[in-house]
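Written out below as structure tokens is the structure these notes cover.
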Amino acid sequence: MKIILRECPPRAAWALEQAGVHPLLARLYAARGIASKDELDDSLARLLPPTELRGATEAARFLADAIQQGRRLCVVADYDCDGATACAVALRGLRLLGARPGTLSYVVPDRAVHGYGLSPAVVELARQQRPDVLVTVDNGIASIEGVAAARAHGLDVIITDHHLPAMVGDRVVLPEANVIVNPSQPGCGFASKSLAGVGVMFYVLLAVRAELRARGAFADGAQPRLDALLDLVALGTVADVVKLDANNRRLVAQGLKRIRAGRMHAGIAALFAAARRDPARATAFDFGFALGPRINAAGRLADMTLGIECLLTDDPQRAAELAQTLDAINRERRDVEAGMREQAEAMLERLMPAGEPPAALAIFDPDFHEGVVGIVASRLKDQLHRPTFVFALGQDGLLKGSGRSIPGFHLRDALDLVSKRHPQVLKKFGGHAMAAGATLAEEHFPTFERAFQEVADEWLEPHQLHRTLATDGPLEPQWFVPEVVQVLEQQVWGQAFEAPVFSDEVEIVSQRIVGERHLKLTVCHAGMLREAIWFGRSEPLPPRALLAYRLSLDEFNGNRRVQMVVEGVAD
């Protein structure tokens, strides 16, 4: 690993500090592109307006008509946390805006049976609810056949999504929906292209409320408080690992403020309890590593209806029961994942005869579980720093794969090039730069594996295959206090606005293994002895080392002390 320092413009850091920002935060924010204190204003008034999101105004008119006419609306969800929260936001929001009892329903595909998106099979599933309108959340932009099937049955379709549209050759192809709301569609000038699916649905609801307000639908100027949905919006946004640009940070910050103040939905409170986390000290980390995985586990191993129902119920006891079920499924998911990782690591010995992995990896085993391939791909990508695809055998006899990538390698574009060079190999594919999915026949796997590696060989330079970790440099001794750690934890960190990681050369005073696979350290830093831990590391360190680390609070018997959590060591 190579440890590098983020550039910190001194003038921006000075300006932030002069404006009253904590000196350490001023330095960290400046290194992440913040130039003025105004950019740190996370008030709802600073959100980008819905009118700038292409299709939102048209969707608002359509849905306002549907609500006022009592038409039956069926939300078509996705089976991950973003899709589950988007579904809950849609149903709760439409109810707040006046949708009549009995006119709202939802369906969510079974990952193994229906696959992803609004397929013709999912349309048939939705038709059992006897809807007039289908509203997709976190899916639909590439559902050409599914939308056509819905329209052929006389259903109207509103698509809300954030994924990239389908391509035929070099041409973008959009489904023939009544309205499409998606910041990634051609011609959309919305400044935040990184809205999660739940964020897109929240924006649609804002537009619907404005439309109904203009129609005089709310008596005495009163209107529904859609900010009550922001705990759900924040969870889905962080869990989907979208870029936390300024607009997304505001959405997340507002959700966290509500949760810390105790104003959250019953399901969110129950998930915090199941994860043994304190909502009064909620952080974005909790969304990404505690609540999100429990919701996602339902879609991976069971039925995402469990996750959605947890987010929809207002009964604390029912929410607690569902959260405990989700917690049990998540424990099962961890066991399945551990077994698959052991199998995958054994297979790597065959793929790495010289000890060095190829430029990209594609792995398949008939015993792999389809619901966990994405997590295993992510773990292997982190371990080896290579674009990685992991495939499992689906119920339809086809291989279903999930991929994760590294900086500089656009995964969806790589799949597109593979499909052009080998037109018969990929039956379906889609995704983003850093994550994608693909479906192919088992006999075509060797061809895909070779083609995928060929693209990586062509696109990736040797230096890109060497892991680098950007840090915020040395940390001054005066900041090693619990109060500063709490200040850092209160901020919104995440994808493309990374939590602070510092780097210092230290002397290793002592080291031992705890819990079988964690390295417990005592280090000398700036003349002071400090406690450190490296989770998942068992190999010893040399007497002196350049460590990359973050700060955490270790609390035991009412005592709090600052601990260094090691993220890496320089080669």
Side-chain angles (χ1 to χ4, degrees), residues 77-89 91-92 106 108 111 138 196 198 228-241 252 255-338 369 371-372 374-375 378-379 489-490 492-494 515 535 552-556 565:
D78 184 25
Y79 42 66
D80 67 358
C81 186
D82 187 17
T85 53
C87 182
V89 163
L91 294 169
R92 286 184 173 276
Y106 75 92
V108 58
R111 180 191 298 262
D138 193 33
V198 68
L229 304 171
L230 284 168
D231 57 343
L232 299 168
V233 176
L235 169 57
T237 297
V238 174
D240 213 46
V241 203
V252 174
L256 284 171
K257 286 180 179 179
R258 292 187 63 85
I259 291 170
R260 291 168 186 161
R263 293 179 292 138
M264 71 197 99
H265 290 97
I268 298 290
L271 287 166
F272 269 96
R276 296 175 179 80
R277 302 291 180 114
D278 181 5
R281 294 174 53 187
T283 68
F285 185 89
D286 293 325
F287 291 151
F289 293 92
L291 277 67
R294 284 167 170 79
I295 294 286
N296 278 327
R300 296 185 189 282
L301 298 186
D303 179 1
M304 183 47 89
T305 301
L306 294 168
I308 295 173
E309 288 298 317
C310 182
L311 301 176
L312 284 176
T313 184
D314 293 319
D315 179 351
Q317 183 175 343
R318 172 68 174 153
E321 292 170 355
L322 288 166
Q324 289 301 322
T325 300
L326 293 170
D327 185 62
I329 296 170
N330 192 50
R331 289 196 298 272
E332 180 187 355
R333 185 272 304 169
R334 286 198 291 260
D335 291 341
V336 172
E337 177 196 339
H369 192 294
V372 188
I375 297 178
S378 181
R379 300 285 192 266
E489 288 180 343
Q490 291 292 305
V492 176
W493 311 106
F535 294 109
S552 75
L553 279 182
D554 185 24
E555 301 189 35
F556 184 71
V565 178

Legend entry - Partners meeting side chain to side chain donor-acceptor pair (under 3.5 Å) with Glu309 (sequence neighbours left out): Tyr106
Legend entry - Sequence-distant partners of Asp335, side chain to side chain donor-acceptor pair (under 3.5 Å), two or more places apart: none
Inset, instruction - Dump the intermediate steps for side-chain contact (heavy atoms from CB on, under 4.5 Å) on Asp286 and Thr283, then the final yes or no. - result: CA-CA 5 Å; Asp286 293 325; Thr283 68; 3.5 Å; yes
Legend entry - Asp315-Thr313 side chain donor-acceptor pair, cut-off 3.5 Å: no
Value rounded to 0.5 Å, distance of [atom1] in [X] from [atom2] in [Y]:
{"X": "Ile308", "Y": "Leu322", "atom1": "CD1", "atom2": "CG", "answer": "11.5 Å"}
{"X": "Asp231", "Y": "Phe287", "atom1": "CG", "atom2": "CZ", "answer": "7.5 Å"}
{"X": "Asn296", "Y": "Ile329", "atom1": "CG", "atom2": "CD1", "answer": "12.0 Å"}
{"X": "Asp278", "Y": "Ile259", "atom1": "CG", "atom2": "CD1", "answer": "11.5 Å"}
{"X": "Lys257", "Y": "Arg263", "atom1": "NZ", "atom2": "CZ", "answer": "10.5 Å"}
{"X": "Thr237", "Y": "Asp82", "atom1": "OG1", "atom2": "CG", "answer": "7.0 Å"}

Shortest non-hydrogen separation from [X] to [Y] and the atoms involved:
{"X": "Leu235", "Y": "Cys81", "answer": "CG-SG, 3.9 Å"}
{"X": "Ser552", "Y": "Val565", "answer": "OG-CG2, 3.4 Å"}
{"X": "Asn330", "Y": "Pro293", "answer": "OD1-O, 3.2 Å"}
{"X": "Val108", "Y": "Met304", "answer": "CG2-CB, 3.9 Å"}
{"X": "Ala280", "Y": "Arg260", "answer": "O-CG, 3.6 Å"}
{"X": "Ala234", "Y": "Gly255", "answer": "CB-CA, 3.9 Å"}

Would the distance check show the side chain of [X] and the main-chain N or O of [Y] forming a donor-acceptor pair, the cut-off being under 3.5 Å?
{"X": "Arg294", "Y": "Ala290", "value": "yes"}
{"X": "Asp314", "Y": "Ala266", "value": "no"}
{"X": "Arg300", "Y": "Val372", "value": "no"}
{"X": "Ser378", "Y": "Gly374", "value": "no"}
{"X": "His265", "Y": "Gly267", "value": "no"}

Inset, instruction - Kindly determine whether Leu311 and Leu271 satisfy side-chain contact (heavy atoms from CB on, under 4.5 Å), including the steps that lead there. - result: CA-CA 9 Å; Leu311 301 176; Leu271 287 166; 4.2 Å; yes
Legend entry - Arg318, CZ: over 12 other non-hydrogen atoms inside 6.0 angstrom: no
